[in-house]
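Each chain gets a letter, A, B and so on, in the order its sequence line appears, and its residues count up from 1. Note that the coordinates shown come from a computational prediction; the quantities given were computed from them, not determined experimentally.
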There are 2 protein chains.
Amino acid sequence: MFLDHTGREISSQVEAWQDAHAAVRLAASDLQSLWQQGQYDSVIFTGCGSTHYLAMSAAGLFQRAAGVISRAVPCSELLLHPTLVYGARKTLLVTISRSGATSETVQAAERFKTNFQSDIIVISCYDDKPLNDFATINLAARAGQEISIAQTRSFSSMLVMAEGLALAASGNPLPPQFSSTLSAQVDAMHTRALEYADPDRYQRVFYLGSGALYGLACEAMLKMKEMSLTSAEAFHPMEFRHGPKSMVDDQTLIIGLLNAHTYTAEIAVMNEMRALGATVVTLSEDAQTDIVLEGNKQRPSIVHYLPFLQWLAYLRAVNKGLNPDAPRNLDQVVIL
Amino acid sequence: MFLDHTGREISSQVEAWQDAHAAVRLAASDLQSLWQQGQYDSVIFTGCGSTHYLAMSAAGLFQRAAGVISRAVPCSELLLHPTLVYGARKTLLVTISRSGATSETVQAAERFKTNFQSDIIVISCYDDKPLNDFATINLAARAGQEISIAQTRSFSSMLVMAEGLALAASGNPLPPQFSSTLSAQVDAMHTRALEYADPDRYQRVFYLGSGALYGLACEAMLKMKEMSLTSAEAFHPMEFRHGPKSMVDDQTLIIGLLNAHTYTAEIAVMNEMRALGATVVTLSEDAQTDIVLEGNKQRPSIVHYLPFLQWLAYLRAVNKGLNPDAPRNLDQVVIL
């Protein structure tokens, strides 16, 4: 049992995945109708911080499923630099916010409605907040709500919704419901993460992921910063060779989020970094990687990458004597 | 005088800007014809490492000038995840590579030609390398060629070309040629950067920039890593509030690349970080900022942000006893 909120929220997330899956399945036909009738030729996913990183993954998944240009843009860029983002196209906006009350997200939605009168899908953990008023369709991951400042189960359950949205809108079948037995996998990741959570052994952490996993690498980077005040960064694996690898030494921990179909190109980067002295931990559904995401066989989803990443940040924080519930300098929602 | 290549290359960059300006002006009518006849409805800018960051800035500038969706995508993503990037649209590809020989860039261009038979513009410091063979139009910043591993004047001169490309293609007039007197500004930035180059005073550096300046913030981050092996990261200013600011303490140096039209929103972030103990240095053409980019009045360009950022990395490296010409673990070109 965990004495802090963050540990309880990470540990209990399979229920939140199930709730999110059920909610997006319920909305599937509405999402498909909206997409078919809307004839959008551009989709923008937007959020702030963690939910911007979620937007990155969601945009990749959506473009792959629907074949329409889908981009992730931070809310502040929509507000400050609209001419660098919006064009003549008919755009669908997907806003993501745990609280449904983040000032920049609400303002971005409001301006989008005023300027383009087009549709907005809201992904949140609530359905009665200021952001929800702008939604054509609200997708609420209620069981993902959190007391903690750092997003964990809220992120993973909103990710489940974003995956479902991509499939539902494009008329693809949703995968089956998550089984409750997956909680044992989440617990097992706590044990695996402990092996790499020594704050004296590793001075900096790099998270490498490509495609839809790049957004998760960014989210893992932010978790590590917020909870454990550790130098952490995210890069695309092959990009890491183009300069950032200058930072690699024997106090470097590299977490490789690998895709099955890009394994060969990516494991070459991992092996190169091992040769430079880094400790490398690889995750995928493939039995060749250090951490094997067994849950993916029962229910395909990139959400299975998250528990290890969340526990790693959490356990490093605990090992440093920090309280994961109380990140330095931060509040739960940014209200301006 | 500088005894190393990097110092000489940073110091001499105004000549490279002039050369790049002249080259893009010469190509302006060809670029406009290509753009008008091509009827592209999507533009992808791509590169690796520094040139991916250049692609980010270039995509923003191009979309603002031409009003067509323009995205920056690392070459490796085009190779590994084409379905997350390419759609049904008619796409113009702009590849950026200092050497014209980077394996991933050449492969991305080759596959694009094979799969889409559409046009490619190559921005490079050469015009006789493997990448150039795929170009409909080659833009070569020859005076930007370098001996150093870390890109400095090559980056800035290719940036001048990307700015010119955006204006020329969209039928806007190019600004005037850069004056040789701007070299005095580059030298002045050496003096200003010295004030913040004490490696004992600052343990980590954050570069904050929005819009087209975000790519420059990323490039500054990479320069700081490569040359001085210092923890450095780039964020959009308002994104920095959503988690990363947990890392801020009195050993933190924050470099704010500010836009004139977003000053109010961004200076609020800077002031908040000052209150948390960070040393904050702001740059813009505005007299209110710490570093005033006077060159922008003579010849508008975001290139004026670069000399201070390059000198800061260079001087911190020198102060740490490192050789800026020899970044750890790196080669000049990544050939796979």
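Between the side chains of B:H81 and A:S210, a donor-acceptor pair is found at a separation under 3.5 Å.
A:L84 approaches B:A212 most closely through the heavy-atom pair CD2-N, 3.6 Å. Closest approach of A:Q63 and B:V85 over heavy atoms only: NE2-O, 2.7 Å.
With chain A as the partner, the residue from B:G87, B:C48, B:S231 showing the most heavy-atom pairs under 4.5 Å is B:C48. Per-residue counts of heavy-atom pairs under 4.5 Å with chain B were compared for A:L61, A:D249, A:T102, A:L79; the largest is that of A:D249.
For the pair A:E226 (side chain) and B:P244 (backbone), a donor-acceptor distance under 3.5 Å is absent.
With a 4.5 angstrom heavy-atom cutoff, B:D41 touches chain A via backbone and side-chain atoms both. At a 4.5 Å heavy-atom cutoff, the contact between A:Y86 and chain B is made by backbone atoms alone. For A:L336, the part lying near chain B is the side chain, with the backbone staying farther off; criterion is any non-hydrogen pair under 4.5 Å. Heavy atoms of A:L229 lying under 4.5 Å from chain B belong to its backbone as well as its side chain.
A distance of 3.0 Å separates CD of B:E233 from NZ of A:K225, quoted to the nearest 0.5 Å. Between the CZ atom in B:R328 and the NZ atom in A:K245 there is a gap of 11.5 Å [rounded to 0.5 Å]. Put simply, CE on B:M227 and OG on A:S246 are 11.0 Å apart, with the number rounded to the nearest 0.5 Å.
Side-chain contact check for B:E239 versus A:H52: some heavy-atom pair is nearer than 4.5 Å. By the 4.5 Å heavy-atom criterion applied to side chains, B:L80 and A:H236 are not counted as neighbours.
Among the residues in residues 265-274 of chain B, those with a non-hydrogen atom closer than 4.5 angstrom to a non-hydrogen atom of chain A are B:A265, B:E266. Contacts of residues 65-76 of chain A with chain B at a heavy-atom distance below 4.5 Å involve A:G67, A:I69, A:R71, A:P74, A:S76, listed in sequence order.
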### Task
Begin with the C-alpha distance, continue with both residues' side-chain angles, and end with the deciding distance and a verdict on salt bridge (charged side-chain N to carboxylate O under 4.0 Å, His left out) for B:E104 and A:R241.
CA-CA 11 Å; B:E104 288 144 271; A:R241 281 202 189 98; 5.2 Å; no
